[in-house]
K.L.:
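Can you read through this structure? Questions will come right after.
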Amino acid sequence: MSYDPDTQSQLCPTTLHINGVRHDLEIEPWTTLLDLLRGPLALTGTKKGCDHGQCGACTVLIDGMRYNSCLLLAVSQDGAEITTIEGLSTGDQLHPMQEAFIEHDAFQCGYCTPGQICSAVGLLNEGHAHSREDVRELMSGNICRCGAYVNIADAVEDVMGQQTHAVAAQ
Amino acid sequence: MNRFSYVKATSVDHAVDVLTADPAAKVLAGGTNLVDLMKYDVERPTTVVDIKRLPLGDIEALDDGALRIGALVSNADAAYDRQVEENCPLLASAILAGASPQLRNAATTGGNLMQRTRCYYFYDPSAPCNKRDPGTGCGAIGGVNRIHAILGASASCIATHPSDMCVGLAALDAVVEVSGPQGKRDIAFEDFHRLPKDDERGDRPDLDNTLQLGEIVTGVRVPRQAFGQNYTYLKLRDRLSYAFALVSVAAGLTLENGVITSASVALGGVAHKPWRDKRAEDMLKGQTPSREIFTAFAERILSPAVGQGDNDFKISLARRAIVRALAQAASGTPQRQSQKSYA
Amino acid sequence: MQTNERLYVGRPTRRVEGKLKVTGAAPYSAEQGQEGLLFGVMVPATIAAGDISNIDTSAALAFPGVVDVFTHETKQNVAWWDRKWMDQTASPGHPFRPLHSERILYDGQPVAMVVAETFEAARDAASLIRVSYRESEHVTDIRTVLDESYDPPKKRSGIPAAPKPRGEPEAAYEAAPIKISADYWLETEYHNPMEMFATTVLWEDDEHLTIYDKTQGSQNSRDYVCSVFGLKTENVRVDNAFVGGAFGAGLRPRHQLFMAVMASLKLKRSVRVEMTRRDMFYLSHRPSMLQTISLACDATGKLQSVIHHAVAGTSRYEDYQEVVVNWSGLAYACENAKLTYELTQVDTATPGDMRAPGSASGNVALESAMDELAYAAGIDPLELRIINFAPYDQNDDKEFTSKALHACYRQGAAQFGWEKRNAEPGSMQEGNELIGWGMATGFWDAQLQNAAAKARLSSDGHLIVSAAASDIGTGTYTMMAQVAADEFHMAIEDVTVKLGDSTLPQTAVQGGSWTAASTGGAVQAACLAVIATLLKQAQAIKNSPLKDAKADEVTVRDGRLVLIINDQTGVAVADIMAAAGVSFVEEEGKIGPSKLQMLKYISYTHSAVFVEVRVDKDLRIPRVTRIVSAIAAGKIINPKAARSQILGGVVMGMGMALHEEGMFDHRSGRLMNHNLAEYHVPAHADVENIEVIFVEEHDDLASPLGVKGLGEIGLVGVGAAIGNAIYHATGTRVRELPITVDKLL
């Protein structure tokens, strides 16, 4: 459907696969993926920290890679496979990164945490971090005002190490 | 954000048609800059043309050894591409100095070229800004201008281009491929972005680049070159990552028997476009790398530099950065972007 | 007598709410009530001072989805008297009233709010509101109005005034052989918690509201709403169960609370108002400040005189006050001291408490000046501090309840390797980098506030403890669970902690590092009251084996009320409750400061901060590569979360030292870097190694639990220690924070 200047509206049919669930939606083009998730879809685990790509709280995974959902128009993601923080755990079984964040106390207020965790999972998927220095640089798109950075780096390194061990064991 | 008509482009020609028909239309690719600016009410496009599905997402080696990077190749894909890493590691390094991993995953090659300034006044619609609203004045002149231009500014605009990737592309003598109503054309990288004031269009800071109505960037060609070892991208900023450059330097040298046979230096964060001075570069040719000659080069390229107050320090900082970057390039010790000590 | 061994208190314990936070299931204030909500978006003023001459809302009102637009022209049914608008933490003056009149008091003041059926409609219609102004003259740079500074006539409650001068500070300064004097300048800083301020009001009827508010005090928000809108306390419930950081910004009710309640009552709908990140810069800030400090010592380093004068910015309408200079009178032993603190007015919002308010600012001057004095005297900076150790508080002539600062110095220095330091600036290099080592002492007060809590033990062995306290990331949920679990010797999994609800037992706002001690003590008291009640019930049982026991002789262990000295003697809790015919026992516990004890004693936390910086010899970009923070703060309930508190304070201190500053265009009086791209807070890459040491400090007087609090102390000292390290690296003494590269060229 095209834009109607009288009603100032346009509803665009859009299909999103979110955490394995298909959503056939009609979306106005000025709705961001972040606002779609937090509003109509009630997936409030994805956080709004600045709404301008300056903090990383809204990080989600699309095809395993991390993105700031605040800067994506939802309509532009038609057909995408999106994973939010709600999709990382299976039932009571936490993702190893979630488990590591708890163990290393890698959060305080918890608000940037879903974004940090999605970003950390994306970091491992993307495969470009090989040292703690790399982890720090490649996690720099996620601001934590509580200042949990040391613990976040510990958590990420912990899971990186687990993966390396798993690969070595194979 | 204003209300707009959302159009999914089905082909490059379709996108060109839409852009030609509506001068207030904007192209949406990664969206990292456009959506941001729309939320700040700085950009108010009547039509948004989503080109994300167009087949411009490949990196290919051309017969002459050049690499063509499609306009829709993400910054991350370009930076981590094996051909890019081998052929032009300077470009990969420059890209990795910019933004954050999330933004680099979304942002595209074409979009990076179209990125707009980070000037505080440009971003605040209630502040005067000749770039955003021609004729309203420049708030930054005499105002808060820590991050502003020291080179090539005009009486109406002292904004800087915020990209890192473009600084690398400028140093690499890239070529921008565009399509428009009159067909395809190539634009030399140094001719793509403009200074706020030039002979052809006068003092027009609202025009960031030389694209004509209806034209879109379809790709960038990076010529085969020889900065495989002797290059660096050195970025200095107020925090050690996820911040725009105060000053950045892309440097590439060709050395034969310890003598510089070609040199390419582009500066970021200091002007309305990536800054090069080829005549200054010539003075490096035939020289043996030394702090003295690098310092002389820095003095030369910065000789027209003028501070605006808050940013006076950038002249000194740029001088130091240039000398260090050339030393890094000469010694084949490029700056690694995750390393926070400077090589 | 309490001889309970501790199972959880003192042991590193994972956060009890951790799973909710890492799965995204913890709901914050903008995430409540999805159905039928209206959304409000505010419009900020774009001048610093003047009046609205015209406000055109027609385009916004006509925008599809918009329900209403509120401006100063909207009739409000709100309280008239200033005192009705004063919250628990207000400073003297006239509290700001949103949309009250056409008057503009500061850049960014909300001038309108659009309410719409969707967030997008509200956001987009807000951009269509056109405001015209009549501008007045304004001042935003306190350096231009230093001559207008004044001693605030009305003091802010809870903020002690600067002490009277002692000795002969000027004469002693003149006579001393070694002296320094310098000005220190601090730019404004902004709290910027990651969660933006938001309020969701669930409208039930004209008198009943449930409010999810981002605040550090649910009861403070409730009382404010009731007072301003004339509602009854029992009809308004404020919930802040999860708070995405606040750092002091949530101590006062913020505009979005007023706006959401106002719109909800007028429109008879549930309303959510969430700030933009830009709005977050217009709330409050650590004030800009000019400090002049003069120190003098004799040839042995003994301090002869401390003269510290501070002038801080405040708004036109409130005298915001914090404790800035007093610390300089108690930090080190000195017979001659003169400490003065004044305000000067600028056209900004009222500053507010920001993590370690006052102390963080005053400490930058004092501890940098101590470093300058150490160099002037040729004495190691750490040694100078040890020489001048203050055994008691000379400001108030009181004893410290405890002060393990020597241990902080010793253990911190050992961990850091301070003895390897070459004092000569620029003497330590590696490659292109100049290495600098600096240190500072930190101080914060350890306060106990009146606090209450409830404990409810069920016959099935489950325990619920509750208080209206908040957990703003501080680990309060976990600490209360630890304290309560230990009182009943039960597994922490069997304890539920309820916080962040105004209907729960009364608690002060969460700030000032007092929650762990105060609410922790109240939880403990409530648990002990439950045990006392159980004992009474047990003694009512015929032939009770506990019939002669006293309350302090029993405890609960393995679900039985038993004698502490012999846990074979006792009765099952379930049996006690069955006999008493109840399914649970619930009691309230209260605690508060002892006025008598406060006549003699005063309590502080202390720290020694050691910093390594590296500064490239040419490029001059400073980076912090290592920090050791040694803390003396009494009993540490949860070393895991406690360490995180200190890490967080240190990181915010790094921001203060190197990054954070409001950039005003003083011509227009407007803040220009009102976003997180241009207002830099530390990112991952800025933070390398931080080590935290908690030194042993036993303190029976500071609080019943022996706890002193940790929220602020981690930040204090970091700014000065970094500046001192930069001096050691470069030989350049920067007396203006933040220390950005331009100041080192």
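Just so it is clear, the model here is predicted, and its values are computed rather than measured. A, B, ... follow the sequence lines: proteins, then strands. Residue 1 opens every chain.
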K.L.:
Heavy-atom pairs under 4.5 Å with chain A - which of C:Gly245, C:Gly655, C:Pro64 has more of them than the others?
P.N.:
C:Pro64

K.L.:
To the nearest 0.5 Å, tell me how far C:Phe119 CZ sits from A:Asp51 CG.
P.N.:
5.5 Å

K.L.:
Indicate yes or no for a side-chain donor-acceptor contact from C:Lys19 to the backbone of A:Leu94 under 3.5 Å, with no hydrogens or angles considered.
P.N.:
no

K.L.:
Output the distance between atom SG (A:Cys144) and atom CG (C:Leu647), rounded to the nearest 0.5 Å.
P.N.:
10.0 Å

K.L.:
Do C:Thr23 and A:Gln98 make a side-chain contact, defined as non-hydrogen atoms from C-beta onward lying under 4.5 Å apart?
P.N.:
yes

K.L.:
Side chain, backbone, both or neither: which part of C:Ala30 has an atom under 4.5 Å from a heavy atom of chain A?
P.N.:
both

K.L.:
Taking side chain as everything from C-beta outward and backbone as N, CA, C, O, which of these in C:Phe247 sits under 4.5 Å from a heavy atom of chain A? Side chain, backbone, both or neither.
P.N.:
side chain

K.L.:
Please find the pair of heavy atoms, one from A:Gly49 and one from C:Leu676, that lie closest to each other, and give the distance.
P.N.:
O-CD1, 4.4 Å

K.L.:
Between C:Arg15 and A:Asp105, is there a side-chain N and carboxylate O pair less than 4.0 Å apart?
P.N.:
yes

K.L.:
Could you pull out the closest heavy-atom pair between C:Ala685 and A:Glu137, with the gap in Å?
P.N.:
CB-OE1, 4.0 Å

K.L.:
Check whether C:Val651 gets within reach of chain A through its side chain, its backbone, both or neither, counting any heavy atom under 4.5 Å.
P.N.:
side chain

K.L.:
Which one, A:Ala153, A:Gly45, A:Cys146, leads in non-hydrogen pairs under 4.5 Å with chain C?
P.N.:
A:Cys146

K.L.:
Non-hydrogen atoms of chain A under 4.5 Å away: do they reach the side chain of C:Phe63, the backbone, both or neither?
P.N.:
side chain

K.L.:
Taking every non-hydrogen pair under 4.5 Å, which of C:Arg643, C:Met654, C:Met280 racks up the most with chain A?
P.N.:
C:Arg643

K.L.:
Using 4.0 Å as the upper bound for N to carboxylate O, is an ion pair formed by C:Glu31 and A:Lys48?
P.N.:
no

K.L.:
Please assess C:Met194 against A:Ile143 for the test side-chain contact (heavy atoms from CB on, under 4.5 Å), listing each intermediate value before the final yes or no.
P.N.:
CA-CA 8 Å; C:Met194 295 316 298; A:Ile143 301 295; 3.8 Å; yes

K.L.:
Only pairs of heavy atoms separated by less than 4.5 Å count here; which of A:Leu88, A:Ile102, A:Thr46, A:Thr113 has the most with chain C?
P.N.:
A:Ile102

K.L.:
For a quick test of reading the model, state the closest non-hydrogen atom pair linking A:Ile85 to C:Val22 and the distance between them.
P.N.:
CD1-O, 3.2 Å

K.L.:
Nearest 0.5 angstrom please: A:Tyr149 OH to C:Ile690 CD1, how far?
P.N.:
10.5 Å

K.L.:
Of the backbone (N, CA, C, O) and the side chain (C-beta and beyond), which part of A:Asp6 lies under 4.5 Å from a heavy atom of chain C, both, or neither?
P.N.:
neither

K.L.:
What's the shortest heavy-atom distance between A:Gln54 and C:Ala677, and which atoms?
P.N.:
OE1-N, 3.4 Å

K.L.:
Sort C:Tyr477 into side chain, backbone, both or neither according to what part of it lies under 4.5 angstrom from a heavy atom of chain A.
P.N.:
neither

K.L.:
Counting heavy-atom pairs under 4.5 Å with chain C, which one of A:Cys50, A:Gly53, A:Gly87, A:Ala57 comes out on top?
P.N.:
A:Cys50

K.L.:
Please state whether the side chain, the backbone, both or neither of C:Val243 comes within less than 4.5 Å of a heavy atom of chain A.
P.N.:
backbone

K.L.:
Of all the heavy-atom pairs spanning C:Glu274 and A:Arg38, show the shortest one and how long it is.
P.N.:
OE2-NH2, 4.3 Å

K.L.:
What residue in A:Val135, A:Ile117, A:Asp35, A:Leu43 has the most heavy-atom pairs under 4.5 Å with chain C?
P.N.:
A:Asp35

K.L.:
Please classify the contact of C:Ala25 with chain A as side chain, backbone, both or neither, using a heavy-atom distance under 4.5 Å.
P.N.:
neither

K.L.:
Minimum heavy-atom separation for A:Tyr111 to C:Tyr28, with atom names?
P.N.:
N-OH, 3.5 Å

K.L.:
If we define contacts as heavy-atom pairs under 4.5 Å, which of C:His191, C:Met275, C:Glu17, C:Arg355 has the most with chain A?
P.N.:
C:His191

K.L.:
At a heavy-atom separation under 4.5 Å, does C:Pro193 approach chain A through its side chain, its backbone, both, or neither?
P.N.:
backbone

K.L.:
Apply salt bridge (Lys or Arg N to Asp or Glu O under 4.0 Å) to A:Arg145 and C:Glu195, showing your working.
P.N.:
CA-CA 10 Å; A:Arg145 188 60 159 158; C:Glu195 180 201 19; over 6 Å; no

K.L.:
Does A:Ser140 use its side chain to pair, donor to acceptor, with the backbone of C:Ala683 at less than 3.5 Å?
P.N.:
no

K.L.:
Using only heavy-atom distances, determine whether the side chains of A:Asn151 and C:Ser644 contain a donor-acceptor pair under 3.5 Å.
P.N.:
yes

K.L.:
Return yes when atom CG of A:Asp24 has more than 12 non-hydrogen atoms of other residues, nucleotides or ligands closer than 6.0 Å, and no otherwise.
P.N.:
yes

K.L.:
Sort A:Gln116 into side chain, backbone, both or neither according to what part of it lies under 4.5 angstrom from a heavy atom of chain C.
P.N.:
side chain

K.L.:
For chain C, find which of A:His104, A:Gln8, A:His52 contributes the most heavy-atom pairs closer than 4.5 angstrom.
P.N.:
A:Gln8

K.L.:
Measure distances from C:Asp686 to the heavy atoms of chain A and classify the residue's part below 4.5 Å as side chain, backbone, both or neither.
P.N.:
neither

K.L.:
Evaluate side-chain contact (heavy atoms from CB on, under 4.5 Å) for A:Glu28 paired with C:Glu120, printing each intermediate quantity in order.
P.N.:
CA-CA 9 Å; A:Glu28 292 186 311; C:Glu120 288 81 1; 5.6 Å; no

